[in-house]
Amino acid sequence: MSHQSSFNVTSLPGQRECSKLAMIGMRARKYFANCCTKEKAQNLFFEYFLPASQVIAIGHPFLHYQPGAYLSQFSIIGYILIGIIFLVLGLKLKTDEIKDAMRSAHVFIVAIISSLFVTGSIVAAITKQLPFDPIGQEEKVSLFGPYEFRIGLLLYYSVPCTITAGIVLVAQAEGNLPMAGAVATVANVIGCYTTPILLKLFLANVEAQFDIAGVLIKLTCSILLPVIVGKLLQCIPQVPKTVTRFKRWISVVTSTCLAIMLWMKVAKAVEDKAFDGVKWQSLLILIAFVLVMCLINILVNSTFSVLLCLRNTYIKVMLLMVSQKTLVMAVTLVQVLPKTLGEMGLILVPCFVAHPTQILVFSFIAPQLKNHPFDFTCPRWMPSKIIRMCEWLNQGKKVENDVEKAGEVIANGAANGVVITDQPENPSDVVIVNGNGYHKDQKS
């Protein structure tokens, strides 16, 4: 009887509910404890610092613009921030990637041309037909916005390809990282000269002109010289090791410099009431324009890939790296362009809209390219000369395929038939010499 009574007491509904709640609470505490580790918190911080800093830099001036507007009076601050950003680029510059990329010089050259010249020319032709408000008109009438929006679109799509976001997406899609790094580096160095020249040509009919020679001299001092200094500092043995060790914190420094420049420009525009009268429909039209340009970039670079009969690792570079633009160079050029072109805060609006939009679009495309790789081959019905040219351009394809397969299992001829299974995570770090596989860091 007592046994039956105790059984009935322990099976009361209230106690069962309490035990369930206790288990749920214990699991929740365990889950949050795992999520809130120091390592995961750091990863979260580094991953979202760039977009978060840009959101704060753009939003804060609308609440309190006076500090940023005051600092924007001192142009030396902007040049110092630009110098820091490109000094870091020089510290990270790897000439070995450029040497590796020149083995496929046709891909490298076409990627540079597409990034620097093709997209900007297309945007210039399209925006020329759109009815923007004239420069200096106070009343905002057109749904396409003020003329500064056109200048901003021309500026953004004339700058070279993005560095950080492009390389991350190419790595995610398992593309050719040495080619991506080489294209991004060379395009950004050349782009500091080509972009002002293109803007000068595209805005030839605009009354507000600028001295192209003066702009190029400023860009040389603020961009090229810091890159050279950073590259020379790599000759000091401890510098490359330090850069590698604190790579993520150095990225935080460059993101902070970019955010400060954005903050000052937006604050100055808010002080001048440049955003007054801008219609919300204009922002929606900007987003739609950016989406159309993403599609056009994909079609253009896909066409280049078809004509060159590229293999999938290079196709991913063309689509994910070359099709995107860099916000850093756009903000840098706004810093050195003359104020006669218009309100700089308004010129930056299309850049603010375009950059996160394009990253979002290509973030969805990268996994698809990884899961569904494909090559472009020359059709057999083409003339024999064209087929031979395609085969010559892709004559290294067999060797590269061997390198990629080597990342899975490498049979080492010098190991008496032993199969090496502990291979490096990055297949590009494996080199094949006379049938033997070894890591790049391994001495021959």
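Computed from a prediction, not measured in an experiment: that's the story for all the values here.
Looking at Gln234, its side chain does come within 3.5 Å of a backbone N or O of Gly90 through a donor-acceptor pair. Looking only at distances, no side-chain donor or acceptor of Lys316 sits under 3.5 Å from a matching main-chain atom of Val170. Put simply, the side chain of Ser115 never gets that close to the backbone of Ala111: no donor and acceptor are under 3.5 Å apart. Judged purely by atom type and a 3.5 angstrom limit, Ser72 uses its side chain to pair as donor or acceptor with the backbone of Ala69. Of the possible donor and acceptor atoms, none in the side chain of Ser255 sits under 3.5 Å from a partner among the backbone N and O of Phe49. Although no hydrogens or angles enter the test, the distance criterion places a donor-acceptor pair under 3.5 Å between the side chain of Lys325 and the main chain of Val159. Judged by distance alone, with hydrogens and angles left aside, the side-chain atoms of Thr195 form a donor-acceptor pair with the main-chain N or O of Ser158 at under 3.5 Å. The backbone N or O of Leu143 lies less than 3.5 Å from a partner atom in the side chain of Ser282, making a donor-acceptor pair. Side chain of Asn176 to main chain of Thr313: no donor-acceptor pair is present (N/O by atom type, distance under 3.5 Å, no hydrogens or angles).
Between Tyr314 and Leu308 there is no side-chain heavy-atom pair separated by less than 4.5 Å. Using a 4.5 Å heavy-atom cutoff, the side chains of Cys351 and Tyr156 are in contact.
When each of Thr332, Ile85, Leu89 is tested with Ile223 by the rule side chain to side chain contact (heavy atoms under 4.5 Å, CB included), just one qualifies, namely Thr332.
With sequence neighbours excluded, the residues that form a ring pair (Phe, Tyr, Trp, His ring centres under 6.0 Å) with Tyr70 are Phe74. Residues passing the ring pair (Phe, Tyr, Trp, His ring centres under 6.0 Å) test with Tyr79: none are found, sequence neighbours excluded. Legend: residues meeting ring pair (Phe, Tyr, Trp, His ring centres under 6.0 Å) with Phe117, ordered by chain and number and at least two apart, are absent. Scanning for side chain to side chain contact (heavy atoms under 4.5 Å, CB included) contacts around Val239 gives Leu91, Leu233, Ile236, Val243, with sequence neighbours left out. For Pro61, the side chain to side chain contact (heavy atoms under 4.5 Å, CB included) partners at least two apart in sequence or on another chain are Tyr65, Trp263, Val266, Ala267, Val270.
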With a cut-off of 3.5 Å and sequence neighbours excluded, list every side-chain donor-acceptor pair involving residues 178-193.
from   : atom 1 : to     : atom 2 : distance (Å)
Thr185 : OG1    : Gly181 : O      : 2.8
Asn188 : ND2    : Cys161 : O      : 3.1
Asn188 : ND2    : Ala184 : O      : 2.6
Tyr193 : OH     : Thr220 : OG1    : 2.7

Inset, instruction - Check the pair Val334, Lys265 against side chain to side chain contact (heavy atoms under 4.5 Å, CB included), reporting the backbone distance first and the verdict last. - result: CA-CA 9 Å; Val334 168; Lys265 291 297 180 184; 4.2 Å; yes

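Taking CG of Leu116 as the start and CD1 of Ile197 as the end, the distance is 11.0 Å to the nearest 0.5 Å. Atom CZ of residue Phe289 and atom SG of residue Cys294 lie 10.5 Å apart, to the nearest 0.5 angstrom.
For the 3.5 Å distance criterion, the side chains of Lys241 and Gln238 fail to qualify, holding no donor opposite an acceptor.
Taking the six-membered ring where the residue is Trp, Phe45 and Trp249 present tilted rings, their angle falling between 30° and 60°.
Annotation for Asn301 and Ser305: closest pair O-OG, 2.8 Å, computed over non-hydrogen atoms. Looking at every heavy atom in both residues, Val300 comes nearest to Ser114 through CG1-OG, 4.5 Å.
The environment of NZ in Lys370 is sparse: at most 12 heavy-atom neighbours from other residues, nucleotides or ligands sit within 6.0 Å.
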